[in-house]
Amino acid sequence: MSPMPNLHPVSTPGSSADGVWRRLRVPAGLGDTTTQALSSWVVEGGRIVWTGADADVPTAFAGRPEFDGAGRWATPGLVDCHTHLVYGGSRVHEFALRLAGADYAQIARAGGGIVATVAATRAADEDTLYAQAAPRLRALLDEGVCAVEIKSGYGLELAAERRQLRVARRLGTDFGVDVRCTFLGAHALPPEYAGRADAYIDEVCERMLPVLAAEGLVDAVDAFCERIAFTPAQVERVFVAAARLGLPVKLHAEQLSDQGGAALAARHGALSCDHLEHLGADGIAAMRAAGSVAVLLPGAYYALRDTRPPPVQALREAGVPMAVATDHNPGSSPVQSLLLMMNMACTLFGLTVDEALAGVTRHAARALGLQDSHGLIGVGRPANFVVWDIAEPAELAYWIGRRPRCRVVRRGRVVEGGAP
Ligand code: DI6
Ligand code: FE
């Protein structure tokens, strides 16, 4: 393939993307222009103000800077709609333990597991958490991610949850990327509440969530509904507290067993239900009725050597939108590549390339409530898109361990991405 075209007048990273973007191709369904055709759009003040065919660019835009895509493929900026990117410590040693045959309970008894990350996160100050999380975010951004969700849930006490969320906000500001902060106080039972899960849920609902929401640190509320975490009744209390504050909800549901979590979340209008390996017909019907997005997390499935994939065919038949995300976390999904998740969603879960592409753009945006600003190249939206050095869109899901070169436009600024 010829070298990446010099998208004149790109000179310095972070320069304005205002101008006429010409001769680009957008995969079907990811733009509001004619699908599969060479197309063009105009960016003004960081927003897309016109889209159409190259020959139709209005003369009113003559003289603007021109960016020639030379027939390259472009997609909306990618959206990673499920991550636990901010945490302290490392769990790398658990990898060897797992390979040697240790299971989750043995690892926990040996001082590992989620509680180890909680201890390390509580012990870390904001700058330490920031310094650890920044390279993880950088890795995602280098692949063309323009919006990312970051959950709390490794503090499990007010001050530490606050630090996680403040770091998430700071990352968004410093890196110029849209970060949605999700409060996941009901992720696990902190050790000091052993045997008193309901009392901990009281603390989550009556103190932590209202305080953090009042500080502007919460965009959505999540919980982990599982035998090893919280019951549907406890999760429902968290959802009621979220509704009181006008916050949307989502749920780690049906990852290890069918708890009816997806149906519960759907009844509360959930933006998304995530994991879903054990999702049944009732859950699918409820999600369809509520318009909840199914977020598929093949990284956790792979790393845990799970053997039961989520019911993709049933979700497809029901018309439930499917998103794909990294679930980056130190325990079950140490994943720093959304493109690799596209590959795994296709290979392990049976998504088509088009589904995987929609899963990291349109549907992922919707899973975060960002469907008006992300996930589609269209008039009226901020300029968040990626020009790829690929011959066809399937390459985004095809390569394993190779990042196609790309040029990213994030929030109306041209930034470099991909490997050199
Ligand atoms: N589901 C998971 O698999 C992770 N959290 C969750 O809700 C596990 C997180 C960890 O092990 O640190
Ligand atoms: Fe998760």
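The model shown is predicted, which means the values in this text are computed figures rather than measured ones. Ligands are counted one by one from 1 in listed order, and the atoms in each one are counted from 1 as well. Residue indices begin at 1 and follow the sequence shown.
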Would Tyr154 count as a contact residue for ligand 1, given that I'm defining contact as a non-hydrogen atom of the residue lying under 4.0 Å from a ligand atom?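 The answer is yes: ligand 1 sits under 4.0 Å from a heavy atom of Tyr154.
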Could you check atom 4 (C) of ligand 1 against the protein and tell me its nearest heavy-atom contact, residue, atom and distance included? Ser332 OG, 3.5 Å
If I apply the N/O under 3.5 Å rule, does Thr117 come out as touching ligand 1? no
Are any side-chain N or O atoms of Glu254 and backbone N or O atoms of Gly280, one a donor and one an acceptor, separated by less than 3.5 Å?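 Checked: no pair found.
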Under 30°, 30 to 60°, or over 60°: which ring-plane class applies to Trp21 and Phe385, parallel, tilted or perpendicular? perpendicular
Taking Arg180 first and then Glu149, would you say they form a salt bridge - that is, a charged N and a carboxylate O separated by under 4.0 Å? no
Under a 4.0 angstrom heavy-atom cut-off, which atoms of ligand 1 come close to Arg91?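 Matching atoms, with element in brackets: 10 (C), 11 (O), 12 (O).
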Could you give me the CA-CA distance, side-chain angles and deciding distance for His82 and His328, then say whether ring pair (Phe, Tyr, Trp, His ring centres under 6.0 Å) is met? CA-CA 8 Å; His82 182 140; His328 176 89; over 10 Å; no
Could you enumerate the protein N, O or S atoms under 2.8 Å from the Fe ion (ligand 2), written like residue then atom name? His82 NE2, His84 NE2, His252 NE2, Asp327 OD1
Review item, side-chain donor-acceptor pairs of residues 116-126, under 3.5 Å, at least two apart:
residue, atom, partner, partner atom, Å
Thr117, OG1, Arg91, NH1, 2.6
Thr121, OG1, Gly88, N, 3.0
Thr121, OG1, Thr117, O, 2.6
Arg122, NE, Gly155, O, 2.8
Arg122, NH1, Glu192, OE1, 3.2
Arg122, NH1, Glu192, OE2, 3.4
Arg122, NH2, Gly155, O, 3.3
Arg122, NH2, Leu156, O, 3.3
Arg122, NH2, Glu192, OE2, 2.8
Asp125, OD1, Asp127, N, 3.4
Asp125, OD1, Thr128, N, 2.8
Asp125, OD1, Thr128, OG1, 2.6
Glu126, OE2, Arg166, NE, 2.7

Option nearest atom 5 (N) of ligand 1 (shortest heavy-atom distance, choices His187, His84, His82): His187
The atoms of ligand 1 lying under 4.0 Å from a heavy atom of Gln255, numbered in the order shown, are 1 (N), 2 (C), 3 (O)
Can you sort out which atoms of ligand 1 are near Asn329, meaning under 4.0 Å from one of its heavy atoms? 4 (C), 9 (C), 10 (C), 12 (O)
